[in-house]
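Notes follow once the structure below has been shown.
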Amino acid sequence: GYYNIEGLQSKKTDQGDISVSLPIRVIHLVPKYIRSNDLIEDCVNQLDPVRFHSSRCYMNRQPEGFVSPAFSAVRFLGFEPGEINGFNPRIAFRLKQLLQEQRPAILHCHRHKSVLYGVLAVWLGRRTDTKIIVSVHSMRRSRTFFRRMTNRILFPRVSRILAVSDGVRQDVLRANPWLSENKVSVVHNGIDLEKFPLRNQVREKAGWPVIGTVGRLVQTKGQTYLLQAFSKIVQTYPEATLLIAGAGPLLEDLKQEAAG
């Protein structure tokens with residue numbers, strides 16, 4: 001069998017001796033591929049290749065013009081958007097086949113749909129040596145009764161739930177009060193600042209405090225509170241600059257609030 005020693009997946013011989021040390025094989029499961037250089041791709045790229053053999057798996061078809069990166073493997077299960085929406089048992093069986101081929105030590109599921117199919121695929125394939133890790137990227141992911149019921153079935157079958165902030169962790173625990181606090185950990189998103197040279201877009205000037213935020217323009221991100229706080233900051237620092245980067249349904253509302 002396989003077991004972990006200091007971050008390495010090691011294999012025993014029939015006599016019980018360690019024959020070789022292998023990187024831990026990890027598959028990141030995501031419902032849909034949206035674009036390159038996203039947060040999940042950055043996460044995979046930052047893992048130590050000596051300790052981890054990482055790959056990404058998307059449920060949809062491979063996009064036209066997609067170029068597979070040289071540093072990590074990418075797999076597409078080949079389903080159309082309409083086949084991914086709702087429940088499709090074929091996804092679970094196709095994922096089960098992939099797990100049998102790749103034999104990952106960790107299946108890292110991003111978003112609820114990946115958790116559903118990941119748990120099913122591991123159960124169907126009787127992959128007792130594959131541990132499931134879940135990443136929760138935002139709040140109110142358990143806002144419906146149906147979601148809380150499915151969590152009650154799925155979460156006991158995962159090894160760890162990773163929240164991107166303390167607020168998200170508390171939200172997960174409030175929505176699932178039966179869940180052990182020890183099962184939910186906080187792992188903050190790491191951001192490569194070189195990809196966001198926002199200061200280069202602002203005229204350098206001594207004494208200018210520059211405040212920036214990057215995220216979806218939705219209510220849970222609270223950009224409106226930042227605007228309210230900034231209106232007080234400029235009373236003391238009239239040359240201060242606020243930069244908001246993102247897209248979402250509140251874009252026009254936030255523009256109007258900033259102009260007012």
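What you see is a predicted model, and the numbers here were worked out from it, not measured in a lab.
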Any idea how Phe66 and Phe76 line up, ring-wise: parallel (<30°), tilted (30 to 60°), or perpendicular (>60°)?
perpendicular
I'd like to check Ile132 versus Ser159 (side-chain heavy atoms, cut-off strictly below 4.5 Å). Are they in contact?
no
Looking at every non-hydrogen atom in both residues, tell me the closest pair between Ala92 and Ala121 and how far apart they are.
O-CB, 3.6 Å
Report yes or no: do Leu154 and Leu124 belong to one cluster of Ile/Leu/Val/Met/Phe/Trp/Tyr joined by side chain heavy-atom distances under 4.5 Å?
no
Side-chain contact, heavy-atom cut-off 4.5 Å: Ile161 with Val136?
yes
Does CD belonging to Glu181 count more than 12 external heavy atoms closer than 6.0 Å?
no
Charged N to carboxylate O under 4.0 angstrom, Asp253 versus Lys255?
no
Looking at residues at least two apart in the chain, or sitting in another chain, which of them share a side chain to side chain contact (heavy atoms under 4.5 Å, CB included) with Glu64?
none
Do Leu77 and Asn60 have side chains that get closer than 4.5 Å, going by heavy atoms?
no
Please answer: with hydrophobic residues joined when any side-chain heavy atoms are less than 4.5 Å apart, are Val186 and Val184 in the same cluster?
no
Spacing of Met59 atom CE and Arg90 atom CZ [to the nearest 0.5 Å]
13.5 Å
Considering residues, nucleotides and ligands other than Gln219, do more than 12 of their heavy atoms fall under 6.0 Å from its CD?
no
Hey, quick one: are Leu116 and Trp123 part of the same hydrophobic cluster, counting side-chain heavy atoms closer than 4.5 Å, chains of contacts allowed?
no
Count I, L, V, M, F, W, Y as connected when their side-chain heavy atoms are under 4.5 Å apart, and connections chain through other members. Are Phe230 and Tyr237 then in the same cluster?
yes
What is the minimum heavy-atom distance between His110 and Ser135, and which atoms define it?
ND1-CB, 3.8 Å
Does NZ or CZ of Arg152 fall inside the cone over Trp178's six-membered ring, less than 6.0 Å from its centre and within 45° of the axis?
yes
Note: Leu173 and Leu179 closest approach over all heavy atoms is CD2-O, 4.0 Å
Looking at side-chain heavy atoms only, is the closest gap between Thr213 and Lys221 below 4.5 Å?
no
Can Leu243 and Val210 be said to form a side-chain contact (heavy atoms from CB on, under 4.5 Å), step by step?
CA-CA 8 Å; Leu243 300 173; Val210 179; 4.1 Å; yes
Apply side-chain contact (heavy atoms from CB on, under 4.5 Å) to Ile106 and Ile24, showing your working.
CA-CA 8 Å; Ile106 297 174; Ile24 297 175; 4.2 Å; yes
Strictly by ring pair (Phe, Tyr, Trp, His ring centres under 6.0 Å), give each pair with a member in residues 146-170 just once, sequence neighbours left out.
none
When every non-hydrogen atom of Gln100 is compared with those of Arg103, the smallest separation belongs to O-CG, 3.6 Å
With the side chain counted from C-beta on, respond yes when Arg56 and Val44 share a heavy-atom pair under 4.5 Å apart, and no when they do not.
yes
For Gln102, is there any backbone N or O sitting under 3.5 Å from a side-chain donor or acceptor partner on Arg25?
yes
Take Ile244 and Leu242 through the side-chain contact (heavy atoms from CB on, under 4.5 Å) test and state the conclusion after the steps.
CA-CA 7 Å; Ile244 298 178; Leu242 173 62; 4.2 Å; yes
Donor-acceptor pair, side chain of Thr130 and main chain of Pro104, under 3.5 angstrom
yes
For the backbone of Val172 and the side chain of Asn176, can you confirm whether one donor and one acceptor N or O come within less than 3.5 Å of each other?
yes
Just verifying a value: how many Å separate Glu252 CD and Leu217 CG, rounded to the nearest 0.5 Å?
10.0 Å
Side-chain touch Leu29/Tyr58, heavy atoms, less than 4.5 angstrom:
no
Taking the side chain as every heavy atom from C-beta outward, state whether Thr150 and Val115 have any atom pair closer than 4.5 Å.
no
Can you tell me how far CD of Glu257 sits from OG of Ser231, rounded to the nearest 0.5 angstrom?
8.5 Å
On a heavy-atom basis, which atom in Arg160 and which in Ser185 lie closest, and how many Å separate them?
NH1-OG, 3.2 Å
Answer yes or no for Arg61 and Tyr33: cation-pi contact, defined as NZ/CZ to six-membered ring centre under 6.0 Å and angle to ring axis within 45°.
no
For the atom pair CD (Gln223) and CG (Leu251), what is the distance rounded to the nearest 0.5 Å?
10.0 Å
Within this structure, what is the CG-OG1 distance for the pair Leu226 and Thr224, rounded to the nearest 0.5 Å?
9.0 Å
Residues two or more places apart in sequence or in another chain: which of them pass side chain to side chain contact (heavy atoms under 4.5 Å, CB included) with Val164?
His137, Val168, Asn189
Please report the C-alpha distance between Arg111 and Lys32 in whole Å, then the side-chain angles of each, then the deciding distance to 0.1 Å, and finally whether the side-chain contact (heavy atoms from CB on, under 4.5 Å) criterion is met.
CA-CA 10 Å; Arg111 303 186 179 92; Lys32 297 179 183 179; over 6 Å; no
Do Leu120 and Val122 make a side-chain contact, defined as non-hydrogen atoms from C-beta onward lying under 4.5 Å apart?
no
Determine whether Phe93 and Leu98 fall in the same hydrophobic cluster, where Ile, Leu, Val, Met, Phe, Trp and Tyr are linked whenever their side-chain heavy atoms lie under 4.5 Å apart.
no
Testing the basics here: between Pro31 and Lys113, what is the closest heavy-atom pair and its distance to 0.1 Å?
CG-CB, 4.1 Å
Rounded distance (nearest 0.5 Å) linking atom CD1 of Ile27 with atom SG of Cys57
6.5 Å
Within the 3.5 Å criterion, strictly below it, is a donor on Arg75 or Ser55 matched to an acceptor on the partner's side chain?
no
